[in-house]
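What follows is a single structure, written as structure tokens, with notes after it.
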Amino acid sequence: MLDALDAGEVRRWVAACVQSLDAHRAGIDRINVYPVADGDTGSNLLDTLRAALEALLRAPSADRVDAGAAFGVAARGALAGARGNSGVIASQLLRGMAEALRGLDTIGGPDLRAALRAGARMATAAVSEPMPGTMLSVLDAAAAADDGDDLHEVASAAASAAAEALRRTPEQLPVLAEAGVVDAGGRGVVVLLDALVAVVAEQPAAVVAAARARADEPDGLETRLVMAREGGSDLYGYEVMYLLHDTDDAAADRLRDDLDRLGDCVSVVGDGDGLWTVHVHCNDIGAAIEAGIDAGRPRRIRVARFADTPSAEPQRYSRDRAVVAAVRGEDLAELFVAEGVAVLRIGASEPDPYALLEVITGTAAAHVTVLPGDTGLMAVADEAAIRAVAAGQDVVVVPCASPVQALAAIAVHDPRRRAGDDVVAMAEAAAATRRGELVIAEADGITWVGPCRAGDVLGFADGEVVLIEPGPAGPDAVGRAAIGVVDRMLAAGGELVTALVGQAAPPGLTDTLSHYLHQHRPDADLSVHRGGQPDSLILFGVE
């Protein structure tokens with residue numbers, strides 16, 4: 001559980017937003033009936049957050065130093081790439097948060113609460129005529145939540161309050177009640193906050209998103225979906241958007257008034273650094289653009305006709321699902337390949353996120369689950385996943401501190417399940433697998449269980465030293481250490497012990513372990529594989 005967000009975690013949150021919105025895009029589009037039933041709210045939010053992520057990936061290192069600066073980069077990217085009314089509102093949420101967090105190296109619970117409140121205020125200010133029952137109401141509820149001061153409490157309270165406010169939106173907007181849906185933009189807000197909770201809890205975003213979907217099912221929020229009615233707005237036939245340069249606050253105010261006379265859903269919002277985004281629903285396209293020319297210098301003008309049926313998204317991937325693993329050791333790699341996993345083999349050199357990214361994209365799969373083989377590969381997996389997500393692929397990293405946890409995840413993988421549910425099952429299996437390890441001490445040192453000398457055998461359970469077997473590390477010493485570690489791990493229960501034998505393991509080690517289990521732990525089965533890992537004598541997993 002994170003105590004604070006740094007710049008890297010901010011980027012991870014934006015990536016998780018993209019990932020979660022990609023998974024929920026179609027469902028959000030289907031319930032989009034307000035303010036215009038054009039079926040694109042989910043798509044617009046996804047495009048907007050993807051623009052924010054791309055800005056973070058392109059940002060120079062100086063803009064990645066502190067969390068506040070990272071929020072500023074994300075906000076500017078979102079504003080420049082905002083799509084639709086919902087995208088503009090999301091960009092202003094990020095901008096308000098960025099202004100509240102300016103200059104902060106890290107973000108704690110009270111900082112996050114203040115940022116959410118500032119973001120909600122700025123988002124509301126971006127809309128000419130705020131209406132109850134919209135994503136603004138959901139944002140306001142999230143910002144008003146006040147439950148504890150640690151980061152996870154603040155994020156969870158905001159997400160829960162947003163979900164409750166979302167349930168109430170049909171009571172506030174008759175058009176939602178008539179269609180039998182909740183507000184699409186508000187649903188997007190809940191997705192963003194759920195992604196934040198996932199990052200703070202150090203869980204894959206898909207785990208929290210799937211849990212939220214299951215919680216929604218009894219009330220029908222996910223099942224009572226309707227197709228947006230055709231024809232768009234009853235009064236206006238077009239959506240006009242453009243970026244505006246070379247203007248000032250007074251000219252922006254005049255432009256806002258001019259657009260209010262032409263149509264509705266007007267927003268004219270800036271990033272505080274000279275760039276403005278303009279949005280309006282209207283019938284007179286030329287007048288909306290001319291008003292922008294009078295106010296400054298428009299560019300990237302986009303016009304959409306509500307009556308046009310959106311074209312189907314082109315098929316970008318040749319398969320639906322794939323699993324990728326990053327592991328050390330050739331034998332271990334072959335073990336994963338035999339399970340149908342695409343593998344990045346990590347050699348003696350430092351692991352490369354771009355090499356892993358190449359494996360991810362090479363799967364040509366729409367949904368990819370990444371299993372890092374140990375804690376040292378988590379950062380590599382996260383970096384590769386963030387870049388793949390920015391390019392449009394749905395990628396989830398399941399935390400694995402050991403190859404045995406990755407193998408446990410593979411054992412429950414079922415491509416017939418929904419992608420989110422499959423990730424949940426894999427993550428739960430990995431987390432439920434306790435891990436052990438034997439290594440030879442390279443130097444004298446102090447451990448939790450006392451001093452050790454170079455050449456001693458160290459036994460680890462769940463990352464902590466639990467025993468020291470004095471060296472030299474011959475077959476007898478290693479055998480005693482293996483029995484000691486497994487015995488301690490089984491004390492908490494378990495039915496299956498998985499052993500991955502390393503390069504330097506002495507002969508007969510698994511026979512010794514098998515004999516001990518047969519005599520003293522007959523209820524536990526032993527599964528042995530040649531792992532070939534260079535840095536440990538043997539790895540254990542207990543399920």
Side-chain angles (χ1 to χ4, degrees), residues 28-48 79 81-92 123-137 169-170 172-179 181-188 226-244 251-269 276-296 298-311:
I28 295 174
D29 284 347
R30 286 198 298 272
I31 61 173
N32 176 199
V33 299
Y34 182 87
V36 176
D38 49 356
D40 64 358
T41 292
S43 300
N44 288 339
L45 285 169
L46 174 60
D47 288 344
T48 301
L79 182 70
R83 297 290 189 273
N85 203 47
S86 57
V88 172
I89 291 172
S91 75
Q92 292 305 286
T124 298
V127 178
S128 292
E129 298 180 6
M131 291 288 292
T134 64
M135 65 187 296
L136 295 176
S137 302
T169 55
Q172 299 168 293
L173 270 180
V175 66
L176 299 178
E178 180 182 351
V181 297
V182 294
D183 180 66
R187 183 71 184 91
V226 297
M227 292 302 296
R229 61 182 185 273
E230 296 179 0
S233 170
D234 294 333
L235 297 176
Y236 304 107
Y238 299 90
E239 177 183 61
V240 179
M241 289 193 72
Y242 48 84
L243 299 180
L244 193 64
D253 288 340
R254 290 194 298 273
L255 173 60
R256 191 178 293 109
D257 292 339
D258 291 341
L259 295 178
D260 277 331
R261 287 189 287 271
L262 288 174
D264 64 10
C265 293
V266 173
S267 57
V268 181
V269 295
W276 299 73
T277 289
V278 180
H279 175 277
V280 62
H281 294 169
C282 63
N283 289 323
D284 194 338
I285 300 169
I289 296 172
E290 288 174 3
I293 295 173
D294 290 340
R299 67 180 182 90
R300 286 175 55 180
I301 299 171
R302 300 187 299 273
V303 178
R305 191 166 75 103
F306 293 133
D308 292 339
T309 302
S311 59

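These numbers come from a predicted model, not from an experiment. For this chain, numbers begin at 1 and follow the sequence in order.
Of all heavy-atom pairs spanning Thr41 and Ile28, the tightest one is CG2-CG2, 4.0 Å. Residues Asn283 and Tyr238 share a closest heavy-atom pair of O-CD1, 3.9 Å. Here the shortest heavy-atom pairing between Gly263 and Tyr236 reads CA-CZ, 3.5 Å. For the pair Asn85 and His279, the tightest heavy-atom approach, listed with the atom from each and the gap, is N-NE2, 3.3 Å. The two atoms that bring Pro170 and Leu176 nearest to each other are CA-CB, 3.9 Å, heavy atoms only. Taking every heavy atom of both residues into account, Asp183 and Gly133 meet most closely at CB-O, 3.4 Å.
With hydrogens and angles disregarded, no donor-acceptor distance shorter than 3.5 Å links the side chain of Tyr34 to the backbone of Leu173.
Taking the side-chain hydrogen bond (donor to acceptor under 3.5 Å, both in side chains) definition, one finds that Asp257 meets it with nothing, sequence neighbours left out. Evaluation of the side-chain hydrogen bond (donor to acceptor under 3.5 Å, both in side chains) rule for Asp47 yields no partner, not counting sequence neighbours. Remark: Ala288 pairs with Val240, Leu259, Leu262, Val280, Cys282 by the side-chain contact (heavy atoms from CB on, under 4.5 Å) rule, at least two apart or across chains.
When each of Thr169, Val33, Val175 is checked for a side chain to side chain contact (heavy atoms under 4.5 Å, CB included) with Val181, only Val33 meets the rule.
Between Leu243 and Val278, every side-chain heavy-atom pair lies at or beyond the 4.5 Å cut-off. When side chains are defined from C-beta on, Gln92 counts as touching Leu79, because their heavy atoms get closer than 4.5 Å. For the pair Leu136/Met131, no side-chain contact is recorded, criterion being any heavy-atom separation below 4.5 Å from C-beta on. Side-chain atoms of Asp294 and Arg254, non-hydrogen and from C-beta on, never get closer than 4.5 Å to each other.
Leu45 CG to Arg83 CZ: the interatomic distance, rounded to the nearest 0.5 Å, is 12.0 Å. Here the CZ-CG distance, from Arg187 to Asn32, works out to 14.0 Å after rounding to the nearest 0.5 Å. Interatomic distance, Leu46 CG to Asp40 CG, rounded to the nearest 0.5 Å: 12.0 Å. Rounding to the nearest 0.5 Å gives a distance of 5.0 Å between CE of Met135 and CD1 of Ile89. With rounding to the nearest 0.5 Å, the separation of NE2 in His281 from CE in Met241 is 9.0 Å.
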### Task
Evaluate the side chain to side chain contact (heavy atoms under 4.5 Å, CB included) criterion for residues Leu255 and Leu244: first the C-alpha distance (whole Å), next the side-chain angles of each, then the deciding distance (0.1 Å), finally the verdict.
CA-CA 11 Å; Leu255 173 60; Leu244 193 64; 3.7 Å; yes
